[in-house]
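Notes for the one structure printed next.
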Amino acid sequence: MRLATWNVNSLKVRLARVEEWIGYAQPDVLCLQETKLADAAFPTMAFQALGYEVACHGEGRWNGVAIASRVGLEDAEAGFHGDAAAATEGRLLSATCAGVRVSSVYVPNGRSVGSEHFEAKLEWLRLLRAHVAATSDPEGLVAVCGDFNVAPDHRDVWDASRAHGGTHVSGAERAALDEMVAWGLVDAFRQQHSGDRLFSWWDYRAGDFHKHKGMRIDLAMVSRPLADRLTFALIDRQARKGKLPSDHAPLLFDFDL
DNA sequence: ATGGTCGCGCAGCGA
């Protein structure tokens, strides 16, 4: 099974590139973030035309997540399990695809360390861990994919000095990620690649992409039984190039399933 | 050294 995740930064603007990418990357399951589309505006038929079922959870303007699958899509749940209020923000969507409990996540940015937005980000990560623990088993097939807005360690940041104090790299954010690891999730990309400067996001400004100034903040956190079946992992930098790119590259993961 | 770009939507905010 080929599982992919991509923060597309507006699916409306990016649809043609997403269709093109699906055409050559051929994911079985694709998690999308920052669709910026209300569910009524989601281009469901464009995905159906390519052979995918789709579930979406968006609010328009901001956020918005979706899962497209050509290997089945069942038991979709928007937001945190059992929390109707939190489901209003389009940041979390879970569904079962070919026996894997897949979640597409868009973690809040946090803005600046110590701000109320930062505290909300930490709380959101705690709720995500609780959601995963409440709805799945670490011995089962679980994949939590998306834009975590956290760079797991110093290798995941273009400049080591940025790895101290700032948002995305703070100890508190990394500790929240560690809690998910402690529950039983594995950073799938790191299982395949140990090198530094393998980024998934680059700021649009100042030619950061071409200067290799980025971060690895898009992750697939998978349970050990799924990690044991991982055969290939790639960040598709090609998809960050050319006309009208997202500021994030898509990632893909092959599992022997 | 500084500021730099997008998307949304029509001003300025969020990233």
Side-chain angles (χ1 to χ4, degrees), chain A residues 5-21 30-43 46 56-66 79 86 88-93 104-125 128 145-152 156-170 172-174 176-177 199-219 235-251:
Chain A
T5 183
W6 196 1
N7 179 324
V8 293
N9 187 19
S10 172
L11 185 56
K12 183 179 178 181
V13 170
R14 220 67 63 203
L15 183 58
R17 290 205 53 147
V18 172
E19 290 172 317
E20 175 193 29
W21 188 79
L30 173 59
C31 298
L32 297 170
Q33 300 87 37
E34 277 207 88
T35 60
K36 300 187 179 180
L37 290 175
D39 293 344
F42 197 89
C56 55
H57 176 45
E59 52 193 300
R61 293 178 63 128
W62 293 293
N63 310 325
V65 289
T88 55
E89 269 203 327
R91 294 186 178 276
L92 171 63
L93 178 66
S104 180
V105 306
Y106 177 48
V107 177
N109 176 284
R111 302 193 196 179
S112 59
V113 174
S115 69
E116 62 179 293
H117 299 280
F118 182 79
E119 294 305 321
K121 177 182 191 175
L122 296 178
E123 177 62 13
W124 201 94
L125 285 165
L128 177 61
C145 307
D147 179 358
F148 280 74
N149 271 317
V150 180
D156 303 315
V157 184
W158 80 91
D159 181 344
S161 67
R162 284 281 289 117
H164 298 286
T167 186
H168 295 65
V169 300
S170 71
E173 288 159 276
R174 288 172 170 171
L177 211 52
F199 305 135
S200 67
W201 168 86
W202 301 260
D203 199 305
Y204 282 124
R205 293 172 286 187
D208 277 5
F209 177 69
H210 301 284
K211 296 175 187 168
H212 305 290
K213 289 173 63 174
M215 293 194 201
R216 189 176 69 92
I217 56 177
D218 298 272
L219 311 174
I235 301 174
D236 185 5
R237 290 185 78 259
Q238 287 300 122
R240 178 62 177 75
K241 301 178 182 176
K243 286 184 182 174
L244 282 176
S246 170
D247 46 353
H248 296 252
L251 287 76

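Sequence lines set the chain letters: A, B, ... in the order given, protein chains first and strands last, and positions in each chain run from 1.
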Query raised in the report: Side chains of D208(A) and F199(A): closer than 4.5 Å at any heavy-atom pair?
Result: no
Query raised in the report: Hey, what's the ring geometry for H168(A) with W201(A), parallel, tilted or perpendicular (30° and 60° as the breaks)?
Result: parallel
Query raised in the report: For DNA chain B, what are the stems built from at least three Watson-Crick or G-U pairs in a row, each pair having both distances below 3.5 Å?
Result: B:5-8 with B:12-15
Query raised in the report: Nearest nucleotide by nearest heavy atom, which residue falls closer to the 5' end of DNA chain B, R111(A) or D203(A)?
Result: D203(A)
Report task. Pick the P atom in dG9(B) and in dG14(B), then give their distance to the nearest Å. Result -> 14 Å
Report summary line: The answer to which of H248(A) and K211(A) contacts DNA chain B further toward the 5' end, by nearest nucleotide, is K211(A)
Query raised in the report: If the C1' atom of dG4(B) is compared with that of dA15(B), how far apart are they to the nearest Å?
Result: 15 Å
Query raised in the report: Please walk me through it: do Q33(A) and V105(A) pass side chain to side chain contact (heavy atoms under 4.5 Å, CB included)?
Result: CA-CA 7 Å; Q33(A) 300 87 37; V105(A) 306; over 6 Å; no
**Report entry** dA11(B) versus dG7(B) - spacing of their C1' atoms, nearest Å
**Finding:** 14 Å
Query raised in the report: Is the backbone N or O of D218(A) less than 3.5 Å from a side-chain atom of D147(A), with the two atoms forming a donor-acceptor pair by type?
Result: no
Query raised in the report: Is R91(A) reaching over with its side chain to a backbone N or O of Y106(A), donor-acceptor style, under 3.5 angstrom?
Result: yes
Query raised in the report: Does atom NZ of K241(A) have more than 12 heavy-atom neighbours, drawn from other residues, nucleotides or ligands, at distances under 6.0 Å?
Result: yes
Query raised in the report: Using the P atom in both, what is the distance from dT2(B) to dC13(B), to the nearest Å?
Result: 23 Å
**Report entry** Euclidean distance, W202(A) CH2 relative to H210(A) NE2, rounded to 0.5 Å
**Finding:** 10.5 Å
Query - Span of DNA chain B in contact with chain A (heavy atoms, under 4.0 Å) - result: dG4(B) to dA15(B)
Requested in this report: Between dT5(B) and dC10(B), how far apart are the P atoms? Round to whole Å, please.
Outcome: 23 Å
Requested in this report: Answer yes or no: is there a donor N or O on one side and an acceptor on the other, between the side chain of T167(A) and the main chain of G110(A), under 3.5 Å?
Outcome: no
